[in-house]
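Values below: all heavy atoms of this structure, side chains included; hydrogens, waters and symmetry mates excluded. Order of appearance sets the numbers: ligands from 1, and atoms from 1 within every ligand.
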Amino acid sequence: MLTIPEISPLKKLKSIAVLTSGGDAPGMNAAIRAVVRYGLAMGAEVHGVMKGYSGLLEGHIQPLHASSVANIIQRGGTILKTDRCEAFFKKSVRKEAANILRRKGIEGLVVIGGDGSFTGAHLMEKENGFPCIGVPGTIDNDIAGTEDTIGFDTAVNTAIDAIDRIRDTASSHDRIFLVEVMGRSSGWIAVQTGIGGGAETVLVPEFKENIQGITRLIDRGVDRGKTSSIIVVAEGYKPGLSQRIADDLSHRGYSPKVCILGHTQRGGTPTAHDRMLASVLGASAVAYLMAGKSGAMVGVQKGRVVLVPFRNVIGKKKDLDQSNLTLARILAS
Ligand code: F6P
């Protein structure tokens, strides 16, 4: 089980803040709750910044108490709301943000989000000396330096649940379904969903195949007597790819259907796994901040919580293991 690392010596920060930024992910609320309650337990005041960096620039910052985060561990989304803030690309804007936090007496910031959110935190700290710690929160699981991100497990479970339902129709009508899952430019959700959902084929942007190769795989299944198939397509493979494959299959006598799961994967009750991950990472972020650490993300490596400098996270590619794609194919044969 993931545990909070022993971190010492402890330096007292009188006041810290937390914000969520980028796309919401199930489990963000559990992380906010952990930051608030762990921070309070360590004797700090904890503030919530509303609507990510945009809200920070507008000064939407409020004190959070233990009761402010009651009854949220099971809720998807983020009670602090979130945003993707273009203005934060500007150095002068980041300076103003650090000043706003300082004027409120805040001495450290926990940023729950992904690569873009960490870039903002990293630059704000580097340019203005304002301590920031990142907590990886994204359904995509595409953040370098951590094997897991908050929301990924829930998103995969949601997608598998959808595939289980789709399979009923696929098998009743002898149909091929192309199920498109999220993941931006990475195939992590697709591979895990494909294996867990027993898909016949998984298509990911990291290992591209041409359309002939894809249809060959489908034909092979048909030749083996399969009357229905589920093909999981990562959205980042190529825009419109699912429909192109479906059109191609229709011309060759199949009756394929395309189902884009889209934002259904972003919402919903976080799984037990995501709640635990969020609770441990949220608390660890506060503990590190209190120990005078910053400029880094808390992550998971080999089942343990680690602190990874932002420079080893931001803009880095998290490699997808091809062996799991192969496994998906072998298991579907
Ligand atoms: O990063 C999370 C994610 O859901 C991606 O999988 C997806 O490509 C993107 O966000 C969608 O963003 P938006 O909600 O802004 O359309």
Show the atoms of ligand 1 that are less than 4.0 angstrom away from any heavy atom in [X].
X	result
D140	1 (O), 2 (C), 3 (C), 5 (C), 6 (O)
E235	5 (C), 6 (O), 7 (C), 8 (O)
H263	13 (P), 14 (O), 16 (O)
R184	1 (O), 5 (C), 6 (O), 8 (O), 9 (C), 10 (O)

| query | Linking I/L/V/M/F/W/Y whenever their side-chain heavy atoms sit closer than 4.5 Å, directly or via other members, would L13 and I106 fall into one cluster? | reply | no

| field | Same cluster (ILVMFWY, side-chain, under 4.5 Å), I260 and I163 | value | no

| Any idea which heavy atoms bring V49 and A17 closest together, and the distance? | CG2-CB, 4.1 Å

| said: I need the minimum non-hydrogen distance between L2 and M276, along with the two atoms involved. | reply: O-CE, 3.5 Å

| query | What's the shortest distance from atom 10 (O) of ligand 1 to any protein heavy atom, and which residue and atom give it? | reply | R266 NH1, 3.1 Å

| query | To which protein heavy atom is atom 12 (O) of ligand 1 closest, and what is the distance rounded to 0.1 Å? | reply | R84 NH1, 3.4 Å

| said: Measuring from atom CG of L56 to atom NZ of K51, what distance do you get when rounded to the nearest 0.5 angstrom? | reply: 13.5 Å

| field | Sub-3.5 Å N/O-N/O distance, G183 and ligand 1 | value | yes

| message | The test is side chain to side chain donor-acceptor pair (under 3.5 Å); show your working for D24 and T78 and say whether it passes. | response | CA-CA 6 Å; D24 66 315; T78 157; over 6 Å; no

| Does Q265 reach ligand 1, in the sense of a heavy atom lying below 4.0 Å from it? | no

